[in-house]
Each structure stands twice: as C-alpha cells, then as structure tokens.
Amino acid sequence: MSSNLEVIILAAGQGKRMHSALPKVLHRLAGKPLLGHVLDTARALSPRAIHVVYGHAGKQVVDAFKGQTITWVHQAEQLGTGHAVQQALPGVAEDSLVLVLYGDVPLTRAETLRDLLSQGGASSVALLTAELPDARGYGRIVRHPLGKVERIVEQKDATPEEAAIREINTGILAAPAGLLAGWLARLENRNAQREYYLTDIIAMAVAQGVEIVTRQPSATWEILGINSKRELADLERTYQRNYARQLLDQGVTLRDPERLDVRGALSCGRDVEIDVNVIFEGRVALADGVRIGPNNVIRNSTVGPGTEVLPNCVIEEAQIGADCRIGPFARLRPGARLADHVHIGNFVEIKQSDIAEASKVNHLTYVGDSTVGREVNIGAGTITANYDGANKHRTVIGDNASIGSNVVLVAPVTVGAGATVGAGSVITREVPPQELAIARGEQKTIKGWKRPVKKSEK
Ligand code: UD1
Ligand code: CA
C-alpha cells in the first residue's frame, strides 16, 4: 500500500445507547474490542501512522491498547466528525493520503479499503458508499442527474426528497491531507445538530473541481456501526455465521453453524467435527480427524490428530497429542501437555504437567506441576499436593507406575517406574521402582463390638 497513507480512526463518541460504563469502542465483538478490529484492519493496509481520536473515558481506551504504535489524539468535546478529524491533522504529514475510519465500525474488510484507496488520488476524494433498504439515520449521497456526487446531506438536515435517497455515506473516506486541512478549516456548524460535519467537505471539494470517486463494499455488514447492545449482538451473529461458513467451505463438519462461537482464530485439519455450543478463544488448532463434543470451551490450545474431546470440558493453553480422549467434564489448565493416546476422564484437572504416551487419568483427580511417564494409570481421587502454602513442588511418576485410588502424592516426591501405590496412601517419600508402597492406617478388627442402640423414649 502507498507509503504516504495515514489512518485517522474516530473513536470519541460516548455511546450513550450502550447503557454501559465501558466506552463504546471497548465493547467486544468476537472477543476483541471494536476498536481492536478497526486497528487490525488499519494495520493490514501498512499505513505509516495510525491516529485515534478519543474522548469519552479516554484513559481506559488508551490503556486497552498499551504497547501498540498509535498516535492518540484527545478530543475534549465532541463537536462533530469534521472537528474530530481536524484534531488529528496537526500530527499528519502534509503529503499524506488520509483514510478516515470509525472505531465503532468493526468489520470493514481490508480488501474493500484497498479498493477504495486505489481509486483516490493526489487530487480526489474517495468515498465508501452503500445502498441500504433502510437508510434512516445515515447521511445521503446527493448526486447530479448525470451521476456525479455533489454533496452529502445528513438525515436531520434532509428534505423529504433527499431522505428518499437510498445511497448512504458509510463515513469512510480517503482524501489528501493538504486539501483536507483547507476544507476542515472552513467548516461551519450551521446545521440541525450544531456540529462540524466532515461530510460538508464533499460540497467544498466539488466547488473546487476536485473529483469525488465512490466505491461500495461487497456486503452491508462491512459498514455497519455499533450504537446499541442489539446492534452489537446482531453483528456478532453475522460475524460468527460468516466464520462458520468459512469452516464449512473448508470441509469442517459443524452440527449447527448457528451454535458455534470463534473468538479468535480457529484452524482445522481435514475431517474435523464440531458439535453444538462450542466456544473457541484465542488461537486454537485442531488437527485432522479431531472430534469436539458439545459444550466445550477451548482457548489457545492445540489438539492432535484423531483426538476426541467429549462434552463439557474447559481446555486452556494445553497441548494435546494424537488419538487422546478428553472428558467428559475434564479441565485442562495452562501448561497441560499430553502426549499421544492419553485419556483424561471426568472431573480431572491437569495443570502445568507433562503426561507421556498412553497414560490414563480417568476420574476425579488433580495432577499439577507433574511429570507423568508412559502407560501410567492414576486411579480415582488422586491428588498431587503440589502447594505448601508458599511454593509449588513437582511430582514425578515413572513409566508404567500404577497409582491406586484416593492417593495423596505430597510433592516434591517421586514414584519410580513400574511402582505401585496402594489405595488411600499419603505418599511423602520416594517410592522405589517396581516396589509397592502403602501408607495408610492398617485395618483392624474389633471383635465382639456392639453397635449402639437407640435409647427408648421417655
Ligand atoms: C456520520 C456521518 C453520516 C454517516 C454516518 C455513518 C457526519 C456528519 N455524518 O453520522 O453521514 O452516514 O456517520 O455511520 O460525519 N465522532 C468523534 N467525534 C465527534 C463526533 C463523532 O470521534 O465529535 C466519532 C464517533 O465516535 C463515531 C463516528 O465519529 O465513531 C461517527 O459519529 P456519529 O455521531 O455516529 O455520526 P453519525 O451522526 O452517525
Ligand atoms: Ca453513527
């Protein structure tokens, strides 16, 4: 993209109709703040600078994007879109091509903007317009009978004839910074809203003989802005439906494309099946033949080929090998690394642990900060007591070890390869390889013991 491109994102609006303490542009769509979507799209155009005009609850907005290269421009009073762009211009190099985007219009495709920018030149204005069945609320594009754009009229200033126009201003435009500066300096607020309208520059450009070129996006959702929770929910659904369709087109089986949520990036191999009500967050990769059962939440994880995740698991920052079986009701926490053919069953929690090939942890168990060898069997109700209240300690379990039910392994502790730990043991010392360790009260028989009987009532 042209190296003189600078993007100005308008994000000072308060968003009253969201009925929220959170600034509008920080509300999330597909897990990412609205402004985050716009910033990502802007970056895809490789501009030499991105300026964000912010106002309401400004600190929160700036903090949310800490560490990103953004020129923040404070607009103390929201006096209109023209005024907002004007605040940013002093920071924009004079030879720039300026692209104006809105922080609350999250889904414009970079493709569409590239197309728009390819139309605009050093002495023209490029406008993104759209034909809407219901144009209410939008500025209308007024054209000469021969087709050339003459001006934009806002809904509130429009005559009934103008209000009948279906072609609307999306708000997104590109113009040379030098010309823009001249026009903005001459804006007035003599209109229904007493605002400095960015849209008024169009008539000024036309009067000056500057050409106005227009482009349209390929889909309406690209230009929809968010003003209310309803609009946010609707656009979220549109986004998710689009995402689901892409997955279907790649060959992924979705039991119901309306009941899938991807809040990040999901990559799928061949013959992946995803049942209903699954939420993917962050980066998730599912290899060939993975099956995900209903009601799973999977975040920043990889799942190896042929693995099945049964219903109702929560999986976060985990690496799962091939042909594993996870769940139902399993929880894999950050740092869970499972090799191939591992089984993790119901009510099992794994955290920061390596579990080697073909090991099984099938019921009611907590394994944390552990290294578990191959073909280990961990019985129901086993706990690695890894935390002494101050520090975490490791548990190491060798290959082929067998841990009975209801065992507490008090870390740091090692169970040798092939060792067996008897049910109900509290293991505090090393268990040597191949041996049996039992650490529990011995069973006693009290002979002739009589059960208490109920006293007769007085
Ligand atoms: C604007 C356009 C209208 C277009 C519509 C598309 C003008 C005058 N009108 O109208 O033609 O059809 O968008 O949605 O431009 N903002 C600021 N500072 C301000 C005012 C607004 O940063 O002082 C930001 C808002 O946060 C928002 C964007 O600019 O992201 C648009 O503002 P909004 O008030 O929604 O404009 P509309 O009246 O909808
Ligand atoms: Ca708006």
Side-chain angles (χ1 to χ4, degrees), residues 7-18 22-27 29 33-39 41-42 51-58 61-62 72-89 99-108 125 127-132 134-142 149 151-158 162-163 165-173 175 180 183-184 187-204 212 214 216-217 220-228 231-232 235:
V7 178
I8 299 176
I9 302 175
L10 305 188
Q14 170 177 6
K16 264 192 211 130
R17 283 193 282 149
M18 297 298 275
L22 193 67
K24 176 161 76 172
V25 292
L26 294 187
H27 284 269
L29 185 140
L34 298 176
L35 180 54
H37 285 272
V38 184
L39 285 166
T41 308
H51 311 259
V52 177
V53 181
Y54 71 101
H56 191 74
V61 177
V62 174
W72 293 101
V73 180
H74 189 240
Q75 186 193 23
E77 265 188 296
Q78 277 79 70
L79 301 179
T81 49
H83 179 260
V85 172
Q86 206 175 14
Q87 305 311 296
L89 272 194
L99 172 66
V100 177
L101 301 176
Y102 288 3
D104 57 0
V105 178
L107 299 185
T108 319
V125 175
L127 264 186
L128 191 67
T129 74
E131 308 266 346
L132 294 185
D134 182 2
R136 248 176 309 166
Y138 288 94
R140 308 298 206 282
I141 307 293
V142 181
V149 174
R151 60 195 167 86
I152 298 175
V153 62
E154 291 304 296
Q155 166 90 43
K156 288 183 178 146
D157 303 297
E162 289 165 343
I165 298 170
R166 294 276 77 90
E167 189 184 9
I168 62 98
N169 171 36
T170 66
I172 294 171
L173 61 80
L180 204 50
W183 298 326
L184 290 176
L187 283 184
E188 290 178 16
N189 67 348
R190 270 178 289 163
N191 51 52
Q193 303 184 82
R194 297 250 145 257
E195 285 183 6
Y196 296 91
Y197 289 166
L198 176 60
T199 45
D200 284 351
I201 69 164
I202 300 302
M204 293 179 183
I212 313 292
T214 59
Q216 300 214 335
T220 302
W221 49 259
E222 289 193 59
I223 56 101
L224 294 181
I226 304 294
N227 297 296
S228 65
E231 288 172 351
L232 181 60
L235 204 55

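First listed ligand is number 1; within each ligand, the first listed atom is number 1. Quick note: residue numbers are just sequence positions, from 1.
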I need the atoms of ligand 1 closer than 4.0 Å to a non-hydrogen atom of [X], numbered in the order shown.
X: Thr170; result: 6 (C)
X: Gln78; result: 18 (N), 19 (C), 23 (O)
X: Gly139; result: 3 (C), 4 (C), 11 (O), 12 (O)
X: Asp104; result: 27 (C), 30 (O)
X: Thr199; result: 7 (C), 8 (C), 9 (N), 11 (O), 15 (O)
X: Tyr138; result: 6 (C), 12 (O), 14 (O)

Geometry only, no angles: is [X] polar-contacting ligand 1 at N/O separations under 3.5 Å?
X: Gly103; result: no
X: Glu154; result: yes
X: Gly171; result: no
X: Gln75; result: yes
X: Leu79; result: yes
X: Thr81; result: yes
X: Asn169; result: yes

Which one of [options] satisfies the side-chain contact (heavy atoms from CB on, under 4.5 Å) criterion with [X]?
X: Arg140; options: Ile165, Thr129, Ile152; answer: Ile165
X: Leu173; options: Val85, Leu128, Leu198; answer: Leu198
X: Leu101; options: Val105, Leu99, Asp104; answer: Leu99

**OP:** Look at the aromatic rings of Tyr196 and His83 and report parallel, tilted or perpendicular, splitting at 30° and 60°.
**Re:** tilted
Classify the side-chain pair [X]/[Y] by whether it contains a donor and acceptor separated by less than 3.5 Å.
X: Thr108; Y: Glu222; value: no
X: Lys24; Y: Asn227; value: yes
X: Arg136; Y: Gln155; value: no
X: Tyr197; Y: Asp157; value: yes

Subject >> Set of side-chain contact (heavy atoms from CB on, under 4.5 Å) partners for Lys156, sequence neighbours left out >> reply: Ala192, Gln193
Subject >> Contacts of type side-chain contact (heavy atoms from CB on, under 4.5 Å), residue Ala84, not counting sequence neighbours >> reply: Leu10, Val53, Gln75
Original post:
How far apart are the closest heavy atoms of Trp72 and Val52, and which atoms are they?
Top reply: CZ3-CG1, 3.5 Å
**OP:** May I ask whether Gly80 has any heavy atom positioned less than 4.0 angstrom from an atom of ligand 1?
**Re:** yes
Original post:
Does His83 come within less than 4.0 angstrom of ligand 1, counting non-hydrogen atoms of the residue?
Top reply: no
Original post:
At a non-hydrogen distance cut-off of under 4.0 Å, which region of Ala12 contacts ligand 1 (side chain, backbone, both, or neither)?
Top reply: both
Subject >> Side chain, backbone, both or neither: the part of Val25 lying under 4.0 Å from ligand 1 by heavy atom >> reply: neither
